[in-house]
Amino acid sequence: MSNNETNVTSNVLEASGMSKKRKRKRSRNKNPTNPDNQGEISSESLPNGQVKQQKTASKDGKIIEGIPGVVGDIPVTQLSENPKLERDTRGQAYDGNKKGHFKKPTFESKKNKSFDNYKSKDNKTVKFFERTNDEDEDYHRPTNMSRSQRADKANELLEIRKTLPIYQHKDEILKYVAENQVVVIIGETGSGKSTQIPQFLISSNKGQIAVTQPRRVAASSLAQRVSEEYGCVLGEEVGYQVRFSNVSNNKLTKLKYLTDGMLLREIMLDNKLNKYSCIVIDEAHERTILTDMILGFLKQLINSGERPDLKVIVMSATLNAELFSQFFQAPILFIEGRTYPVAKYYLTDSSEDIVDTIVRAAVQINLSEQQGDILCFLPGQEEIDTAVNILSTIAPDLPKEAPIIVPLPLYAALSPSQQSKIFETLPKNRRKVILATNIAETSITVSGVRYVIDSGLRKVKVWKHELGLSSLLTTTISQASAKQRAGRAGREAPGKVFRLYSEKIYQSELPKDQESEIMRNDIVLPILTLKKIGVDDLIYWPWLEHPGETAILSALSTLYSLGALDNNGKITSLGYKMAVLPLPPQLSAVLITAMNSGVLKDVIDIVSCISVDNLVLNVTTGDGEMRDEINSKRRNYCPLGCRYGDLIAFKEYFQYFEELNSMGNTEELKSWCSELHFNFKGFKNVLRIRQQLKDYMFGTIRQDDSINRDEKDQQLNNLKSQLVPDYDDITIKKPLDIPNILKSFLKGYITNTAIGMPDRSYRTCTNGQLISIHPSSNLFGKSNLDAIMYIEYVFTSKGYARNVSAIELSWLQDVAPHILGGTKVTIKD
DNA sequence: GAGCACTGC
């Protein structure tokens with residue numbers, strides 16, 4: 001069977017499984033409540049639930065009849081243009097009453113349609129083409145061009161650069177930078193701030209310039225572009241540095257793009273940042289934890305007076321620049337951008353079922369609007385899958401005069417090959433309808449989009465320090481985010497945004513800005529980082545936004561129980577090692593424990609697997625049969641994992657991957673991955689992370705002077721005997737030392753344990769909360785285990801443990817005797 | 001008995 005066939009089949013299977021999905025959806029639409037019922041945002045308080053659903057016709061008496069049984073009677077057509085003008089964007093063609101275009105492919109009837117039935121009717125089935133290019137395209141590499149070719153290209157690009165609005169302000173910008181230590185620059189999208197301002201600075205700066213980006217792809221592609229404009233080889237005067245890839249040269253590079261995480265790492269090595277004369281923080285408005293940390297650190301450095309020569313430029317896209325300006329007491333420069341106008345349309349009434357409304361809106365736009373693709377923002381995977389199913393079901397029955405709709409899902413848990421379908425060019429008379437999560441807001445840019453449909457919703461993970469769990473909540477987006485989503489329609493030509501909420505809600509209900517990451521996340525790692533760079537007074541450290549004492553104390557408590565801090569709150573030598581490892585502190589503690597109990601090799605493998613998101617893809621394609629089939633196939637590859645849980649299963653899967661990999665048979669490897677729904681690229685990443693962890697484990701031990709010499713030699717020998725002989729020789733198979741492997745994990749996750757109760761439920765060791773094994777786990781359905789340990793505790797419809805292992809009560813006794821006595825780990829002062 | 005948004009080292 002060819003790849004093409006596979007894809008078409010799975011598409012149809014998706015379509016046939018949707019009624020089940022929808023039933024589930026209804027139950028999930030209940031409030032994602034928290035056990036403590038505090039500060040949560042429920043779906044009922046969302047804008048889409050705010051206005052009572054209106055089932056009657058609009059003023060002009062027209063409503064879309066829609067697809068009976070599927071979409072109900074929600075009047076989507078009443079879109080009014082901002083500010084006051086009422087406008088009906090609906091064309092003539094799709095008045096359901098008049099022409100009967102929708103031939104009642106109701107949900108109920110469609111579900112019974114067989115594959116053949118569907119196929120015969122659908123001569124227009126979209127063909128998907130599997131990408132054949134195996135190259136790793138993640139990173140940019142220097143190109144082979146002669147010096148004169150590069151100069152020609154740079155001159156060519158200079159003409160374009162000169163047309164950018166920002167180019168006119170070059171002298172003014174440099175003047176501000178010369179006169180102030182910190183400057184805040186607001187640059188609208190399309191202003192060219194990220195490429196131009198750093199280049200302006202090269203001429204007036206003697207040392208290196210660092211430009212931070214929140215994402216890796218941004219860092220590497222900006223460096224690529226700027227090196228062309230500058231006329232140099234990438235990695236020489238202009239370079240970049242991200243995890244796994246350093247295309248820069250310490251002596252030659254004047255301008256380096258790096259991720260914010262990389263810069264924070266450099267800060268840990270040199271807390272005066274001596275090698276840089278200028279730091280540019282780009283995309284500061286995104287407020288990631290790491291940029292917030294860097295900004296706080298820079299303020300501390302400037303206040304200390306140790307780097308009066310250091311220039312800092314904070315670049316932000318939205319108007320929240322006052323925050324940065326006040327924080328640094330710095331002037332603000334505003335640079336206008338250049339994007340196409342985007343007309344805004346609002347719903348006069350909100351709808352209760354966002355999926356139905358979005359389907360209707362997409363169908364309507366397809367019929368009434370000029371060419372251009374449609375990008376829809378939905379909160380999550382489930383809504384997207386449902387919408388894709390409905391659209392692909394009704395697509396063949398839509399009017400012939402309109403383009404054929406090609407629905408395409410886009411979210412992080414999709415495999416890279418599925419994601420790349422959005423970039424393929426379609427034959428004429430077809431229109432992409434991309435149904436995406438927030439991933440399309442910043443991370444992935446799709447060209448050809450002229451229309452955006454915005455549900456106004458997103459999913460957000462919120463951490464509760466008191467409970468040690470995270471909740472996944474569906475909540476409204478901010479105005480800033482709504483603008484960002486709208487902007488996606490105006491990148492290449494004038495566009496339109498259709499907001500599935502009223503203008504009143506936009507104005508009065510949506511917050512101006514999103515809550516920043518640092519306020520809704522676990523800050524154990526940030527606190528450890530601060531301890532590492534010598535900050536003792538965490539409460540009065542210059543936080544851009546203070547995370548609050550509770551969060552800090554809770555993080556300190558965790559670090560203390562992991563052994564990273566001593567009784568006085570000082571960082572220990574163990575803490576130093578943990579801070580350097582590129583892992584959450586809990587996992588660092590696991591690695592260090594494993595080293596001492598002789599299971600480092602296996603634990604590194606497992607930790608590397610855990611570090612890759614979406615390694616084991618969830619099976620979303622429709623019916624339960626397919627899911628059961630894949631699950632049982634997977635079980636063949638993890639006999640021990642079936643008994644001991646997901647961590648051991650990771651090890652077994654990875655072991656099999658490595659065996660195939662060592663034989664060099666990529667095709668077989670890929671088909672094994674797709675058969676079991678594993679992420680091939682993800683496994684490749686596991687290999688890279690494992691190598692890095694191995695390097696760090698050697699490096700940290702060698703550099704650590706706090707350990708005496710004998711101990712150091714002992715540890716080195718330990719490491720060598722574990723790592724060197726058989727690391728690259730996977731033909732040597734030793735039986736897994738499961739008790740010691742899992743006990744190492746217990747050292748980092750002792751608070752993430754639960755005991756099996758007589759009533760076959762599980763209750764957490766720390767505070768007796770009810771917890772269930774997540775359906776994605778190998779141990780799902782097992783209710784007779786003595787005790788479990790889990791890597792993550794998330795609350796969705798109820799409390800779930802993810803990445804679960806079966807453990808023995810005696811291990812708990814060994815690792816932490818106090819936990820069974822009900823004593824909580826607290827800071828001793 | 002039933003399912004997780006995104007990113008970084």
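What you are looking at is a predicted structure, and each value in this text was computed from that prediction instead of being measured. Chain A is the first sequence line, chain B the second, and so forth, proteins listed ahead of strands; every chain is numbered from 1.
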Please tell me which of the listed nucleotides, [options], lies nearest to the side chain of [X]?
X        : options             : answer
A/Leu290 : B/dG8, B/dC6, B/dA5 : B/dG8
A/Arg215 : B/dA5, B/dT7, B/dC9 : B/dT7
A/Leu472 : B/dC9, B/dG3, B/dA5 : B/dA5
A/Val242 : B/dA5, B/dC9, B/dA2 : B/dC9
A/Pro582 : B/dA2, B/dG8, B/dC9 : B/dC9
A/Ser776 : B/dA5, B/dG3, B/dC9 : B/dG3

### Query
Taking N and O atoms by type only, does the side chain of A/Arg760 place a donor or acceptor under 3.5 Å from a partner on the base of B/dG1?
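Not at all, since no donor on one side and acceptor on the other fall under 3.5 Å apart.
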### Message
Give me the atom names and distance for the closest heavy-atom approach of A/Ile533 to A/Met268.
### Response
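Smallest heavy-atom distance, with atoms named: CG2-CA, 3.8 Å.
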#### Entry: Minimum heavy-atom distance between A/Val242 and A/Thr259, given as atom pair plus value
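Taking A/Val242 first and A/Thr259 second, the nearest heavy atoms are CG1-CG2, 3.9 Å.
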How close or far is atom [atom2] of [N] from atom [atom1] of [X], stated in whole angstroms?
X        : N     : atom1 : atom2 : answer
A/Asp695 : B/dC9 : CG    : P     : 16 Å
A/Leu770 : B/dG1 : CG    : P     : 13 Å
A/Trp463 : B/dT7 : CH2   : P     : 20 Å
A/Phe244 : B/dG8 : CZ    : C1'   : 11 Å
A/Asp613 : B/dT7 : CG    : C1'   : 9 Å
A/Ile384 : B/dA5 : CD1   : P     : 8 Å
A/His285 : B/dT7 : NE2   : C1'   : 14 Å
A/Leu530 : B/dC9 : CG    : C1'   : 16 Å

#### Entry: Residue closer to the 5' end of DNA chain B, A/Leu410 versus A/Leu583 (nearest nucleotide)
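Between the two, 5'-proximity favours A/Leu410.
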### Task
Could you say whether A/Gln692 or A/Thr437 is positioned toward the 5' end of DNA chain B, judged by the nucleotide with the nearest heavy atom to each?
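It is A/Thr437, whose closest nucleotide lies nearer the 5' terminus.
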### Message
Closer than 3.5 angstrom, by distance alone: can the side chain of A/Asn521 be matched with the main-chain N or O of A/Glu517 as a donor-acceptor pair?
### Response
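Side chain of A/Asn521 to backbone of A/Glu517: a pair is present.
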Would you mind classifying the nucleic acid contact of [X] as base, sugar-phosphate or nothing, using non-hydrogen atoms under 4.0 angstrom?
X        : result
A/Thr259 : sugar-phosphate
A/Val460 : nothing
A/Ile289 : nothing

### Query
Salt bridge between A/Glu441 and A/Lys483, side-chain N to carboxylate O under 4.0 Å?
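No, A/Glu441 and A/Lys483 are not salt-bridged.
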### A/Glu629 with A/Arg634: basic N within carboxylate O range, under 4.0 Å
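Judged by the 4.0 Å cut-off on N to carboxylate O distance, A/Glu629 and A/Arg634 do not form a salt bridge.
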### Message
I'd like to know whether the aromatic ring centres of A/Phe795 and A/Tyr800 sit less than 6.0 Å apart in this structure.
### Response
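No, ring centres 6.0 Å or more apart.
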Look at [X] and [N] and indicate whether a side-chain polar atom (N or O) is within less than 4.0 Å of OP1 or OP2.
X        : N     : answer
A/Ser443 : B/dT7 : yes
A/Tyr411 : B/dA5 : no
A/Lys461 : B/dT7 : no
A/Thr288 : B/dG8 : no
A/Gln381 : B/dG3 : no

### Query
For A/Lys684, what residues pass the salt bridge (charged side-chain N to carboxylate O under 4.0 Å, His left out) criterion, not counting sequence neighbours?
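Residues passing salt bridge (charged side-chain N to carboxylate O under 4.0 Å, His left out) with A/Lys684: none at all.
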### Message
Short of 4.0 Å, heavy atom to strand atom, which residues of residues 778-792 of chain A count as contacting DNA chain B?
### Response
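DNA chain B contact set from residues 778-792 of chain A: A/Phe780, A/Gly781, A/Glu792.
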#### Entry: With A/Thr442 via side-chain hydrogen bond (donor to acceptor under 3.5 Å, both in side chains) - residues at least two apart
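Residues passing side-chain hydrogen bond (donor to acceptor under 3.5 Å, both in side chains) with A/Thr442: none at all.
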### Query
Which is it for A/Asn679 and A/Val616 under the side-chain contact (heavy atoms from CB on, under 4.5 Å) test, yes or no, and what are the steps along the way?
CA-CA 6 Å; A/Asn679 184 349; A/Val616 172; over 6 Å; no
